[in-house]
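Down below is the structure, laid out as structure tokens.
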There are 2 protein chains.
Amino acid sequence: MRISQLSAESGVPIPTIKYYLREGLLPQGEQTSATRAEYGPAHLRRLRLIRALLEVGRVPVAAIRRVIEAVEDERTDVHTMLGTAHYALASPPEPHSAGDEEWTRARDDVDRLIAGLGWRVGPFAPGRDELAQTLVTLERLGMPATDADLLVYARTAMDLARDHEMGKIPFDGPRDVAVETLVICTVMYGKALDVFRRLAHESESARILEA
Amino acid sequence: MRISQLSAESGVPIPTIKYYLREGLLPQGEQTSATRAEYGPAHLRRLRLIRALLEVGRVPVAAIRRVIEAVEDERTDVHTMLGTAHYALASPPEPHSAGDEEWTRARDDVDRLIAGLGWRVGPFAPGRDELAQTLVTLERLGMPATDADLLVYARTAMDLARDHEMGKIPFDGPRDVAVETLVICTVMYGKALDVFRRLAHESESARILEA
DNA sequence: TACTAATGGATAGCCCGACTATCCAGCGTG
DNA sequence: CACGCTGGATAGTCGGGCTATCCATTAGTA
């Protein structure tokens, strides 16, 4: 398959495909001569993954590249690779001053919460900081989150992960498929959940206010 | 309170505050003379809301403005106002060609699903299109979502909304507080849920792969 | 009363991220 | 052998979210 065909099948313009090649999101095609390269179904597949993450997940190109680098580093084991991919999807919180009391306390709360749940989460998981930032923000807004509230969300997330999501991941298959599935699952069903939540709010609001 | 004090208390630089004033995110202060204006606690509160939506929710400035316009339009009733605010938070999907078969089918699936759940959602709720786009994307990725999958997420969202979220909204209080609470709740707990999901994935991955 | 620093208002510029446009030399098929 | 497409490189565009500069005015302070 030549680049024009790749473009036609995916709907992505040729200059954009070249951009993805430059950025390392898409592997180079197999060179058949100085001015020809051959692309295969794997490229089409990768291209669809990129567009899905960009358009539905609003994942920045730099984060997609980090995910892909995790896949292509053959030295790491599957768990590390999944972890790296997952960490790459995080959106780093605003930098905060190191000695921020409020912030340190929130971060401690998060660590205690995760420990209390018995979750096996790395000490440097970016989610810890993201959650701490969210807690600080809620406090500043005058609506501090209670532990009970947080536990509800944590358990909801774990129920979904355990019963409906991790089961889809083919751990025994090729490593790239495992990562790809994990990322798709995280991003796409994350989006779906987000949308359902907003729809549910609208529906409940209608029910309450029209009564 | 003068602008410099507003800046000091909120941590937002003065030029940025001026930018928000220009963009209509922040109401003008009360003019006390040609070159003086007085800002009150409401401004500080609004400023914190803006920063929360921007930093934690990654909500674009234009969407925040739409939310605020909904609040300030005194003519609409509370339900319409909440709806407008909610619609403003949606991230519109990529435009699709009108005659796209695949897309129309997905959109029908979404409408049927929502009707089947008995949810009271407006026919033009942007979430319908967002969900349709997500379904199309999942199909293109070769991992189509089943109705059973979607129902799990829908019910999870509704359980959270009914039992833990809508109860926090003070429908009987002033309208701006109701909208503000709804938006904060949607965005901040949405973020928390998202983070918890990623942490749960990591934890489950560790449990499965280290066994 | 003179001076200084801050204010509100306006305009223009900056930076980043995601493309998009142009150019060029070398194929390779008709 | 001509013409169109290819890969590769470089530069330009566009939108979003600020940020910098300037200016006339004026509240404090000396």
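Note that the structure is a prediction, hence the values are computed from the model and not measured.
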Requested in this report: Indicate whether any N or O donor in one side chain lies under 3.5 Å from an N or O acceptor in the other, for B:Thr156 and B:Asp159.
Outcome: no
Query - Sequence-distant partners of B:Ala145, side-chain contact (heavy atoms from CB on, under 4.5 Å), two or more places apart - result: A:Tyr189, B:Leu135, B:Leu138, B:Leu150
**Report entry** Presence of salt bridge, A:Glu102 and A:Arg107, under 4.0 angstrom
**Finding:** no
What's touching nucleotides 1-3 of chain C from the protein side, N or O pairs under 3.5 Å?
none

Query raised in the report: Using 4.0 Å as the upper bound for N to carboxylate O, is an ion pair formed by A:Lys191 and A:Asp194?
Result: no
Under 3.5 Å, which protein N or O atoms sit close to an N or O of nucleotides 4-9 of chain C? Give each pair with its distance.
| residue | atom | partner | partner atom | Å |
| --- | --- | --- | --- | --- |
| C:dT7 | OP1 | B:Ser4 | OG | 2.7 |
| C:dG8 | OP1 | B:Ala37 | N | 3.1 |
| C:dG8 | OP1 | B:Ala37 | O | 3.2 |
| C:dG8 | N7 | B:Lys18 | NZ | 3.0 |
| C:dG9 | OP1 | B:Gln31 | OE1 | 3.3 |
| C:dG9 | N7 | B:Lys18 | NZ | 3.3 |
| C:dG9 | O6 | B:Lys18 | NZ | 3.3 |

Query raised in the report: Between the side chains of A:Arg46 and A:Tyr39, is a donor N or O closer than 3.5 angstrom to an acceptor N or O?
Result: no
Requested in this report: Rounded off to whole Å, could you give me the CD1-to-P distance for the A:Ile50 and C:dA18 pair?
Outcome: 12 Å
Requested in this report: Round to a whole Å and report the spacing from CD1 of A:Ile17 to C1' of D:dG8.
Outcome: 15 Å
Requested in this report: Provide the closest heavy-atom pair for B:Met188 versus B:Ala52 in the form atom of the first, atom of the second, distance.
Outcome: CE-O, 3.4 Å
Requested in this report: Could you list the residues that satisfy side-chain contact (heavy atoms from CB on, under 4.5 Å) with A:Gln28, not counting sequence neighbours?
Outcome: A:Leu21
Report task. Would you tell me whether A:Asp149 and A:Thr146 have side-chain atoms, one donor and one acceptor, within less than 3.5 Å of each other? Result -> yes
With a cut-off of 3.5 Å and sequence neighbours excluded, list every side-chain donor-acceptor pair involving residues 173-184 of chain B.
| residue | atom | partner | partner atom | Å |
| --- | --- | --- | --- | --- |
| B:Arg175 | NH1 | B:Thr76 | O | 3.0 |
| B:Arg175 | NH2 | B:Asp73 | O | 2.8 |
| B:Glu180 | OE2 | B:Arg45 | NE | 3.3 |
| B:Glu180 | OE2 | B:Arg45 | NH2 | 3.0 |
| B:Thr181 | OG1 | B:Val177 | O | 2.5 |

Query raised in the report: Should A:Asp108 and A:Arg105 count as an ion pair when the cut-off is N to O under 4.0 Å?
Result: no
Query raised in the report: Between A:Arg65 (CZ) and C:dC16 (C1'), how many Å, whole number?
Result: 13 Å
Shorter than 3.5 Å, N or O on both sides, protein versus nucleotides 12-19 of chain D: list them out with atom names.
| residue | atom | partner | partner atom | Å |
| --- | --- | --- | --- | --- |
| D:dG17 | OP1 | B:Val61 | N | 3.2 |
| D:dG17 | OP2 | B:Val61 | N | 3.3 |
| D:dC18 | OP2 | B:Tyr20 | OH | 3.2 |
| D:dT19 | OP2 | B:Thr16 | OG1 | 3.3 |
| D:dT19 | O4 | B:Arg22 | NH2 | 3.1 |

